[in-house]
Trainee: 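Sharing a structure, written as structure tokens. Questions coming.
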Number of protein chains: 2
Amino acid sequence: MHRPDPTTDPCSLARGLAEVGDWWSLMIIREAMYGTRRFSDFQQNLGIARNILSDRLNKLVERDILRKVDAGEHGTRFEYRLTDKGRDLFVVLTALRQWADKWVFENEPPLLLVDRASARPVQPLQVLDADGQALKLHQVAIATN
Amino acid sequence: MHRPDPTTDPCSLARGLAEVGDWWSLMIIREAMYGTRRFSDFQQNLGIARNILSDRLNKLVERDILRKVDAGEHGTRFEYRLTDKGRDLFVVLTALRQWADKWVFENEPPLLLVDRASARPVQPLQVLDADGQALKLHQVAIATN
DNA sequence: CAATAAGGTTGCAAATCACAACTTAATTCC
DNA sequence: GGAATTAAGTTGTGATTTGCAACCTTATTG
């Protein structure tokens, strides 16, 4: 990927993509959100090659999205857990999930994201203005900070 | 990318990723949201190789995220425009943008997404339950539909 | 004390990507 | 009205990244 150096790109979208915008990274993050923590479990649940998994886990740890924790006292078993930064990707993954629910499955998704307490589906995400009004693409602009 | 065949994966996240989860595809979609429509303009604004751009544009058209429109009557000039499906990715890109604003730029993003009418920044996206209460990752579950 | 499991690393073949050059058709320039 | 330029690609070639399988090392288990 010889794209414009993301570490100097002023667009946060590009910077975000550079950190997590990769098939396996996102699948690992999804899996972590489902509760997976161990190398072997990621490997089996995702069917990913071990070297690729190793590489992605290291990168995600580098970027402070996962934390590598010693599990079992002897330094031979580890857990990879989401950091706050990683956990915050929940909104992003939810947005993509909802998009695909709507457009790929045409509103008949086989799996549904629900509120654990009430078992009712979560609301569709919306971009809101400062007064809480939903905004469409053509109603927004990019301003310099 | 030898990942589990996304066309049969019941997880909409995986299906969504298979459609747009690629650096260049997302940058093209971002660019399209900024108003870019022509092959040459995408090429120059993104600094992407022409064959890769050609490939990604074709795939995005295939997937009904962009529409290829004849501009100028003679079939030699074209425009690539977002479809409704493509435009709906606005929420996804906004979620990622906000995440990077917060975590990569540490709340000092150089560029800001604002409401065009009031020039005030848009609200941070939140996953809400059916009653409008914000939900955290650990409060949700996946249910079969 | 041999076998298995966890968590990797290494080597190699296959797929993907980037860059540059070429193509074709229309338009503008002189 | 011929020459140069622009739009929108396609093709070829080499570099990079990926995937798969095999190997390694340090516990634990039987």
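Letters A, B, ... mirror the listed sequences (proteins, then strands); counts begin at 1.
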Trainee: Mind calculating the distance between CG (A/L46) and P (D/dC20) to the nearest angstrom?
Mentor: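 Whole-Å distance recorded here is 13 Å.
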Trainee: So, does A/Y80 get its side chain near the phosphate of C/dA6, meaning an N or O under 4.0 Å from OP1 or OP2?
Mentor: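 For C/dA6, OP1/OP2 do not have a side-chain N/O of A/Y80 under 4.0 Å.
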Trainee: Using whole Å, what does the distance between atom P of nucleotide C/dT16 and atom CZ of B/R56 come to?
Mentor: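 So the CZ-P distance, B/R56 to C/dT16, works out to 10 Å.
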Trainee: Using a side-chain heavy atom cutoff under 4.5 Å and only I, L, V, M, F, W and Y, what cluster partners does A/V69 have?
Mentor: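 A/V69 clusters with nothing; isolated.
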Trainee: Using heavy-atom distances to pick each residue's nearest nucleotide on DNA chain D, tell me which of B/D55 and B/Q44 is more 5'.
Mentor: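 Looking at the nearest nucleotide for each, B/Q44 comes out on the 5' side.
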Trainee: Counting just side-chain N and O atoms, does B/W24 come under 4.0 Å of either OP1 or OP2 of C/dA18?
Mentor: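 True: B/W24 side-chain N/O within range (under 4.0 Å) of C/dA18 OP1/OP2.
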Trainee: Any idea which of D/dT18, C/dA18, C/dT10 is nearest the A/I52 side chain?
Mentor: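 Closest nucleotide among those given: D/dT18.
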Trainee: Measure the spacing between NE2 of A/H138 and CG of B/L82 and express it to the nearest 0.5 Å.
Mentor: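 Spacing of NE2 (A/H138) from CG (B/L82) equals 13.5 Å.
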Trainee: I'd like to check the salt bridge (Lys or Arg N to Asp or Glu O under 4.0 Å) partners of B/R63; sequence neighbours left out, ordered by chain and number.
Mentor: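 B/R63 satisfies salt bridge (Lys or Arg N to Asp or Glu O under 4.0 Å) with no residue once adjacent residues are dropped.
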Trainee: Has A/K68 got its NZ or CZ under 6.0 Å from the middle of the six-membered ring of A/Y80, at an angle within 45 degrees of the ring axis?
Mentor: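 No.
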Trainee: Can you list everything that forms a salt bridge (Lys or Arg N to Asp or Glu O under 4.0 Å) with B/D55? Sequence neighbours excluded, please.
Mentor: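 For B/D55 the salt bridge (Lys or Arg N to Asp or Glu O under 4.0 Å) partners, ignoring immediate neighbours, are B/K59.
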Trainee: Restricting to salt bridge (Lys or Arg N to Asp or Glu O under 4.0 Å), what partner residues turn up for B/R116, sequence neighbours left out?
Mentor: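 In terms of salt bridge (Lys or Arg N to Asp or Glu O under 4.0 Å), with neighbours along the sequence ignored, B/R116 is linked to no residue.
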Trainee: List in chain and number order the residues that pass side chain to side chain donor-acceptor pair (under 3.5 Å) with A/E31, two or more places apart in sequence or in another chain; answer none if no residue qualifies.
Mentor: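 By the side chain to side chain donor-acceptor pair (under 3.5 Å) rule, A/E31 matches A/T36, A/N45.
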Trainee: Calculate, to the nearest 0.5 Å, the distance between atoms CG and CD belonging to B/D115 and B/Q123 respectively.
Mentor: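 Spacing of CG (B/D115) from CD (B/Q123) equals 11.0 Å.
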Trainee: Would you mind reading off the distance between B/W23 atom CH2 and D/dT17 atom P, rounded to a whole angstrom?
Mentor: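 Result: 14 Å.
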Trainee: To the nearest Å, give me how far apart CG (A/N51) and C1' (D/dA22) are.
Mentor: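 Rounded to the whole Å, the gap is 12 Å.
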Trainee: In chain order, what residues pass the side chain to side chain contact (heavy atoms under 4.5 Å, CB included) check against A/P110, with sequence neighbours excluded?
Mentor: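 Checked A/P110 against side chain to side chain contact (heavy atoms under 4.5 Å, CB included); matches are A/F105, B/P10.
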Trainee: Hey, could you give me each pair passing salt bridge (Lys or Arg N to Asp or Glu O under 4.0 Å) that has a residue in residues 117-126 of chain A? Not counting sequence neighbours.
Mentor: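 Found A/R120-B/D131.
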Trainee: Listed by chain and number, what are the salt bridge (Lys or Arg N to Asp or Glu O under 4.0 Å) partners of B/R81, not counting sequence neighbours?
Mentor: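 Only B/E79 meet the salt bridge (Lys or Arg N to Asp or Glu O under 4.0 Å) criterion with B/R81.
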Trainee: Choosing from C/dA6, D/dG9, C/dG8, which nucleotide comes nearest the side chain of A/F78?
Mentor: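 It is C/dG8.
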Trainee: Distances under 3.5 Å between protein N/O atoms and the N/O atoms of nucleotides 21-23 of chain C, please, pair by pair.
Mentor:
none

Trainee: Would you list the pairs meeting side chain to side chain donor-acceptor pair (under 3.5 Å) in which at least one residue belongs to residues 85-94 of chain A, sequence neighbours left out?
Mentor: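 Only A/E19-A/K85, A/D84-A/R87, A/D88-B/K102, A/D88-B/W103 qualify under side chain to side chain donor-acceptor pair (under 3.5 Å).
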Trainee: Grab the CD1-C1' distance between A/I48 and C/dT9 for me, whole Å please.
Mentor: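 These atoms are roughly 15 Å apart.
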Trainee: Contact list please: residues 30-43 of chain A against DNA chain C, heavy atoms, distance less than 4.0 Å, in numerical order.
Mentor: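 Residues of residues 30-43 of chain A that come under 4.0 Å of DNA chain C are, in numerical order, A/R38, A/F39, A/S40.
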Trainee: Considering the terminal five base pairs at each end of the helix from C/dC1-D/dG30 to C/dC30-D/dG1, what angle separates the two local helix axes, rounded to 10°?
Mentor: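 What I find for the helix from C/dC1-D/dG30 to C/dC30-D/dG1 is an axis angle of 10°.
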Trainee: Which whole-number value in Å describes the distance from B/L53 CG to D/dA7 P?
Mentor: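 That distance rounds to 14 Å.
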Trainee: Measure from CG on B/D22 to P on D/dT17 and round the result to the nearest Å.
Mentor: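 Spelled out: CG on B/D22 to P on D/dT17 is 15 Å.
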Trainee: Taking only the side-chain heavy atoms of B/R77 (C-beta and beyond), determine which of C/dG8, D/dA8, D/dG19 contains the nearest atom.
Mentor: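 For the B/R77 side chain, the nearest candidate turns out to be D/dA8.
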